[in-house]
Number of protein chains: 2
Amino acid sequence: MHVAADAEVGPARAPLSRDRVLRAAVRIADDGGLGALTMRRLAEDLGAEAMSLYYHVANKDEVLDGIADAVGREINEVVDALDVPSAGPQWKQAVRRRILAAREVLLRHPWVPAVFETRAAMSPEILRYHDRLLGLMRDGGFSYDLAHHALHALGSRALGFSQELFTPAAGGGGAGDGDELADLAERLPNLAGLLEHISHDDPGSTLGWCDDQEEFEFGLDLLLDGLDRLRERSSS
Amino acid sequence: MHVAADAEVGPARAPLSRDRVLRAAVRIADDGGLGALTMRRLAEDLGAEAMSLYYHVANKDEVLDGIADAVGREINEVVDALDVPSAGPQWKQAVRRRILAAREVLLRHPWVPAVFETRAAMSPEILRYHDRLLGLMRDGGFSYDLAHHALHALGSRALGFSQELFTPAAGGGGAGDGDELADLAERLPNLAGLLEHISHDDPGSTLGWCDDQEEFEFGLDLLLDGLDRLRERSSS
DNA sequence: ACCTGAACACCGTTCAAGT
DNA sequence: ACCTGAACACCGTTCAAGT
């Protein structure tokens, strides 16, 4: 069928390198999720044996650190090109735009939150990202204390994501009808009321149930507005 | 040395059950973290073979679902005993107390956030927790729309945790002195300034760097205060 | 310097077999 | 009904050996 020539002619294969390994790792995670990222699969994609990887990276942990940093670099490239005025009251728009731009990068790499949650603190690129964010707040007149609190309050939202912990659609059980729905309304009266209200209000939204982007921005603005109020109060 | 009698006399061993399996799983995670929780280790702790577990649970995924639900039950037992007035403006204190009580349970099970982030939405107990939280907001006069937004805005904070994504102490490199510190101050001027300010202000805090409980409450109150303002505005 | 084969110590899980 | 032994298909990783 196909001519399997690649393995036998030409310059055999581009030599491995730490950079090529990490680039392949990002691609695998993008395509198949974090579960697809194994040392053996990684080597296969590079046309090498799993053991060859260990010449370029110490272990899998270093691969995960590496791809976290790689996405951090991608984020910084995007947000550093933004150049929004940040003096005084403009800090809020500057921070908002920066965070939403970072979020757009994350949406291309849905596996990133899981990796960031365990090792983002170690990444030089993520540290750089937070440093610049802190700079915008300082431009806006934040004291170090308030800026420090602000970073903690934002948490992962500063990087553009929030765990979608609450997805009620999954809780109903799916298949259950009739009796089961009545039982649910009794056990979870408030959630049932919410569900009824939402599906009545906007039947089309039942599928996704919640507009994630809208909810993300609601929570972000709630925090930014609250921080802005504290900033004004402290600088008066 | 020791008399190894347990295996040979008495009622041999308590029979396995789904409940005993889950209880042992929680204990293992509490003691050794989520990484220590393997089917083989779980069986060993119960004095059985790994394969015996599959008679009581379908697979490891069900074990993880089960321990998430078990902690959810533990949380509900604590918060249901609270009984704080929640009518009108009192909703905020009621929600606040409830969330901080949930947090106390989580502090006893540090592995829980990692499990919740992947499967809390499926847990009947966690659903029940959110239903009651939603009920408090309804008592306070929240519309379903605002309450819905509020749950998303709180995210995992509703359950008492926030990812500690930003731990600058890890980023410095630890060992580096002199030149490396100067280099860091140049690359991360704002974080360096923050670090200097904090360690000057309160030298004792350098060890833990941030008071997690204090930061958690700051972020929580920022959200609750903002939500309360929206509630007042909408109900006027 | 760069890559590999064979091997080790782990996983979760299946399945036929025991009591 | 409840439990188990042997075995399978995976992991990450080491180490001596190849070019």
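Quick note on labels: first sequence line is chain A, next is B, and so on, each numbered from 1.
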Practice problem: Write down the distance between CD (B/Glu49) and P (D/dA7), rounded to a whole number of angstrom. | Solution: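 Distance check: B/Glu49 CD to D/dA7 P gives 15 Å.
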Self-check item: Spacing between B/Glu44 atom CD and D/dT4 atom P, to the nearest angstrom
Solution: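 Between P of D/dT4 and CD of B/Glu44: 13 Å.
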Quiz prompt | Where protein sits on nucleotides 8-14 of chain C, one letter per nucleotide: B base, S sugar-phosphate only, - none, heavy atoms under 4.0 Å | solution = ---BBBB
Can you give me the N/O atom pairs linking the protein to nucleotides 16-19 of chain D at distances under 3.5 Å, or say none if there are none?
none

Identify whether the distance between the nearest side-chain nitrogen and carboxylate oxygen of [X] and [Y] falls below 4.0 Å.
X	Y	value
A/Glu74	A/Arg108	yes
B/Arg128	B/Asp69	no
B/Asp31	B/Arg27	no

Exercise. Identify, residue by residue, the members of residues 26-33 of chain B with a heavy atom below 4.0 Å from DNA chain D, and return them in order of residue number, or none.
Key: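 Residues of residues 26-33 of chain B that come under 4.0 Å of DNA chain D do not exist, since none gets that close.
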Self-check item: salt bridge (charged side-chain N to carboxylate O under 4.0 Å, His left out) against B/Arg97, all qualifying residues, sequence neighbours excluded
Solution: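 None.
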Quiz prompt | Paired stretches of DNA chain C - 3 or more consecutive Watson-Crick or G-U pairs, each distance under 3.5 Å | solution = C:4-8 with D:12-16, C:12-16 with D:4-8
Self-check item: Qualifying residues under side-chain contact (heavy atoms from CB on, under 4.5 Å), relative to A/Pro189, sequence neighbours excluded
Solution: B/Asp131, B/Arg132
Under 3.5 Å, side chain of [X] to main-chain N/O of [Y], donor-acceptor pair present?
X	Y	answer
B/His152	B/His148	no
A/Tyr55	A/Ser17	no
B/Asp65	B/Arg119	no
A/Arg18	A/Val57	no

Quiz item: Which is it for A/Ile198 and B/Tyr144 under the side chain to side chain contact (heavy atoms under 4.5 Å, CB included) test, yes or no, and what are the steps along the way?
Solution: CA-CA 8 Å; A/Ile198 289 188; B/Tyr144 273 125; 5.9 Å; no
Exercise. Return no unless some side-chain N or O of B/His56 is found under 4.0 Å from OP1 or OP2 of D/dA1.
Key: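 Indeed not, no polar side-chain atom of B/His56 lies that close.
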Quiz item: Quick one: does NZ or CZ of B/Arg103 land under 6.0 Å from the six-membered ring centre of B/Phe161, within 45 degrees of the ring axis?
Solution: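 The answer is no; the distance or angle limit is not met.
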Self-check item: Where A/Ala25 and A/Ile67 come nearest, the two heavy atoms and their spacing
Solution: CB-CG2, 3.6 Å
Quiz item: Roughly how far apart are A/Leu42 CG and A/Ile28 CD1, rounded to 0.5 Å?
Solution: 4.5 Å
